[in-house]
Amino acid sequence: MIVELAPRFLTWDDVDPTRQAFDAASVARTVRSLGPAQCVPIRPDIPFGDPAMSAWSRGEAETWADAMSFALVQHYGRWTVGWRWSHDEGDFDGGPVGNWCCPRDSITTPEETLTRVEAALREWREWLEYLVGWFEAYPLDLSDIASQRILWERSARNLILQVVDRTGCGSGWHGHCRQVLTWFLDHWGVSPEVARGLVDEAIGGRFHSWTGPDTVVVDDVAEQLASSLRPADGRGGADAPAQDHVRRWLAVRESVPWHEIPDGGNDGPVVPLRDGAAQDIRAFDGAIAPARAQGLLSALELLRVDAARGARLDFTLLSSWQQHVLDAPRPPRFRTAPAFAKGSRERYGIGPDTRARFDACLAGSASDAGRPLGLTARAARACLDVCFFHPFDDGNARSAFLTLVFVLAREGVALDGVSLLRRISFEADAPQDPLILVRYINIHLAETRRRAAGSTGSASR
């Protein structure tokens with residue numbers, strides 16, 4: 001929702017270095033100019049096996065690394081999220097980066113940590129530029145695939161071997177291998193959706209973690225991939241009709257079995273030991289920019305007042321919070337043009353009834369005795385409504401998060417942690433994503449209840 005921080009979702013359009021400006025000589029200065037560089041956490045002087053170290057790594061340290069990723073994306077572009085894609089079992093399994101591992105191992109002193117960030121970013125960029133060289137080793141033409149098939153096969157084989165060498169075949173290396181092969185096909189004009197299917201079919205589950213592929217398997221995968229290509233696998237014409245992901249979301253929304261989803265909110269109100277939403281805003285958004293955090297905290301305070309009075313959720317209410325989020329002179333209006341997200345892979349249309357339909361969807365976030373729907377399902381659905389109607393010109397991810405918090409707060413529920421609800425991304429036309437979001441809310445709610453109950457039990461003894 002904020003931004004896709006997981007590099008395995010990067011497309012070739014995201015990372016193509018020929019389209020992304022980058023000055024390696026100025027990286028050190030740039031990294032140190034970003035907000036997170038001013039508040040690098042210092043690793044506690046305790047054994048790695050101490051539970052407190054795990055808590056620090058998963059909490060303060062990981063939040064800071066996420067904030068640095070977000071700041072780099074804002075400055076350079078989305079391609080930068082690969083700086084944390086380390087070998088083996090790091091932040092993200094099976095990547096090509098050796099200069100970063102994970103918050104526990106890579107965050108030490110501020111100077112050492114920032115030096116590692118710089119080195120990891122350079123290393124990731126060098127890998128992307130290196131891949132372009134391999135992609136361009138042979139000039140390929142999808143329309144002439146019949147006479148060039150051996151060149152496609154040779155290129156695919158070489159790329160597999162390059163990924164094998166760069167990742168060391170550790171945990172999850174094959175995920176990046178599939179991605180690189182997909183990038184290669186995309187680079188030469190194959191539709192990304194078709195490319196993913198062809199690559200998955202060619203590999204057929206034959207690559208495994210911690211195991212280098214046999215030469216025979218590599219050759220066979222490359223041969224199958226090349227032999228499966230057809231001229232018709234190219235991208236659609238420029239005059240293809242534009243997709244409207246508002247409509248696609250509404251179709252998914254209608255198909256999700258909301259009433260069958262387990263509800264973690266059916267046990268009534270819960271008061272957490274700590275304000276998880278405020279804490280996350282201070283740690284994540286505060287690291288990016290203090291003013292950003294202050295705007296969100298002001299909106300959070302306002303929405304809780306609105307929740308306490310049982311306010312009706314609609315665009316006008318969202319806009320009153322968004323004024324603080326964006327530090328705007330007045331509540332922002334509903335957008336008047338199509339909006340885009342995820343590197344323009346999702347397009348949200350606009351029509352005369354878009355705002356009315358949005359308000360009608362948000363109205364369903366309230367409890368309905370006639371056709372009861374679980375609280376966590378209603379919170380997730382309203383959050384995704386904001387994501388995929390994309391009502392504002394800016395700050396929609398933050399608005400979606402506040403919406404989720406409001407729906408819970410209106411029924412007396414607050415969470416002591418929200419990490420699963422922010423550093424994630426959902427697709428408008430993916431029917432499993434609403435179920436995933438509800439599950440994440442339920443996880444946080446169960447943990448909040450458990451810790452609150454534990455504290456009450458301790459106090460009574």
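By convention here, the first residue in the shown sequence is residue 1.
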Practice item. Go through E427 and H245 one step at a time and tell me if the side chain to side chain donor-acceptor pair (under 3.5 Å) criterion holds. Key: CA-CA 9 Å; E427 305 292 329; H245 284 83; over 6 Å; no
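- Of the possible donor and acceptor atoms, none in the side chain of S57 sits under 3.5 Å from a partner among the backbone N and O of M53.
- Sorted by first and then second residue, the pairs that involve residues 374-399 and meet ring-ring contact (aromatic ring centres under 6.0 Å, His included), not counting sequence neighbours, are W249-F388, F315-F392, Y348-H390, F358-F389.
- Taking the charged nitrogens against the carboxylate oxygens, R149 and E153 have no contact shorter than 4.0 Å, which rules out a salt bridge.
- Comment: D416 does not engage R450 in a salt bridge, judged by the lack of any side-chain N to carboxylate O separation of less than 4.0 angstrom.
- Remark: R345 pairs with E4, D14 by the salt bridge (charged side-chain N to carboxylate O under 4.0 Å, His left out) rule, at least two apart or across chains.
- Side-chain atoms of V199 and L185, non-hydrogen and from C-beta on, do get closer than 4.5 Å to each other.
- Using a 4.5 Å heavy-atom cutoff, the side chains of F334 and T354 are in contact.
- Taking 4.5 Å as the limit, some side-chain heavy atom of P213 sits within range of a side-chain heavy atom of V164.
- Side chains of S191 and E193: a donor-acceptor N/O pair is present below 3.5 angstrom, by distance only.
- When the shell of 6.0 Å around CZ of R122 is examined, it contains more than 12 heavy atoms from other residues, nucleotides or ligands.
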Review point. Between T11 and D13, does a side chain to side chain donor-acceptor pair (under 3.5 Å) hold up when you go through it step by step?
Key: CA-CA 5 Å; T11 67; D13 280 345; 5.1 Å; no
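- Two residues are said to be in side-chain contact when any heavy atoms from C-beta on lie closer than 4.5 Å; Y76 and L121 meet this criterion.
- Relative ring orientation between F22 and W79 is described as perpendicular, the plane-to-plane angle rising above 60° on a 0-90° scale split at 30° and 60°.
- The closest side-chain heavy-atom distance from V256 to I261 is below 4.5 Å.
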Point to revise | H187/E136 under side-chain contact (heavy atoms from CB on, under 4.5 Å): CA gap, chis, key distance, verdict | key: CA-CA 9 Å; H187 175 77; E136 296 281 356; 2.9 Å; yes
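- A donor-acceptor contact shorter than 3.5 Å is absent between the side chain of W173 and the backbone of G212.
- Remark: the backbone N or O of C387 is not paired with any side-chain donor or acceptor of N396 at under 3.5 angstrom.
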Exercise for review: For L225 and E201, run side-chain contact (heavy atoms from CB on, under 4.5 Å): C-alpha distance rounded to whole Å, both residues' side-chain angles, the deciding distance at 0.1 Å, then the answer.
Suggested key: CA-CA 8 Å; L225 184 59; E201 185 176 355; over 6 Å; no
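- A donor-acceptor pair under 3.5 Å links the side-chain atoms of Q179 to the main chain of P7, judged by distance alone.
- Of all the heavy atoms in I107 and T113, the pair that sits closest is CA-OG1, 3.4 Å.
- R422 has a carboxylate O that lies under 4.0 Å from a charged side-chain N of D285, or vice versa, which qualifies the two as a salt bridge.
- Distance alone, capped at 3.5 Å, is enough to place a donor-acceptor pair between the T182 side chain and the R178 backbone.
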Exercise for review: Run the numbers on L159 and L131 for side-chain contact (heavy atoms from CB on, under 4.5 Å), then give the verdict.
Suggested key: CA-CA 8 Å; L159 287 170; L131 285 175; 4.1 Å; yes
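- The pair D105-R43 does not count as a salt bridge, with every side-chain nitrogen at least 4.0 angstrom from each carboxylate oxygen.
- With respect to the salt-bridge test (charged N to carboxylate O, under 4.0 angstrom), the residues E346 and K342 qualify.
- No hydrogens or angles considered: nothing links the side chains of D66 and S69 as a donor-acceptor pair under 3.5 Å.
- Ion pair D280/R423 flagged as a salt bridge, since at least one NZ, NE, NH1 or NH2 atom sits closer than 4.0 Å to an Asp/Glu carboxylate oxygen.
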**Study point:** Check against ring pair (Phe, Tyr, Trp, His ring centres under 6.0 Å), W83 and F92
**Key:** CA-CA 10 Å; W83 73 273; F92 306 100; 9.3 Å; no
Point to revise | Candidate pair R125 and E129, rule salt bridge (Lys or Arg N to Asp or Glu O under 4.0 Å), full reasoning | key: CA-CA 6 Å; R125 175 68 179 208; E129 293 174 354; 2.9 Å; yes
**Study point:** Residues Q20, D16; criterion side chain to side chain donor-acceptor pair (under 3.5 Å); working and verdict
**Key:** CA-CA 7 Å; Q20 314 284 348; D16 183 354; over 6 Å; no
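- Looking at W124 and N99, their side chains never come closer than 4.5 Å, going by heavy atoms from C-beta outward.
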**Study point:** Residues L140, W152; criterion side-chain contact (heavy atoms from CB on, under 4.5 Å); working and verdict
**Key:** CA-CA 7 Å; L140 300 172; W152 289 86; 3.7 Å; yes
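- Looking only at side-chain heavy atoms (C-beta outward), V31 and M68 come within less than 4.5 Å of each other.
- Remark: aromatic rings of F184 and W134 are distant, center separation not under 6.0 Å.
- A search for salt bridge (charged side-chain N to carboxylate O under 4.0 Å, His left out) contacts involving R381 returns nothing, not counting sequence neighbours.
- With contacts defined as side-chain heavy-atom distances shorter than 4.5 Å, the pair D88/W210 qualifies.
- At least one cation-pi condition fails for R292 and F284: the charged atom is not both under 6.0 angstrom from the six-membered ring centre and inside a 45 degree cone around its axis.
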Practice item. Applying side chain to side chain donor-acceptor pair (under 3.5 Å), run through R274 and Q279 and close with a yes or a no. Key: CA-CA 8 Å; R274 62 183 184 182; Q279 183 174 16; 3.3 Å; yes
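- Side-chain atoms of W56 never come within 3.5 Å of backbone atoms of R104 as a donor-acceptor pair (strictly under, hydrogens ignored).
- Side-chain N/O atoms of Q148 and Y138 include no donor and acceptor closer than 3.5 Å.
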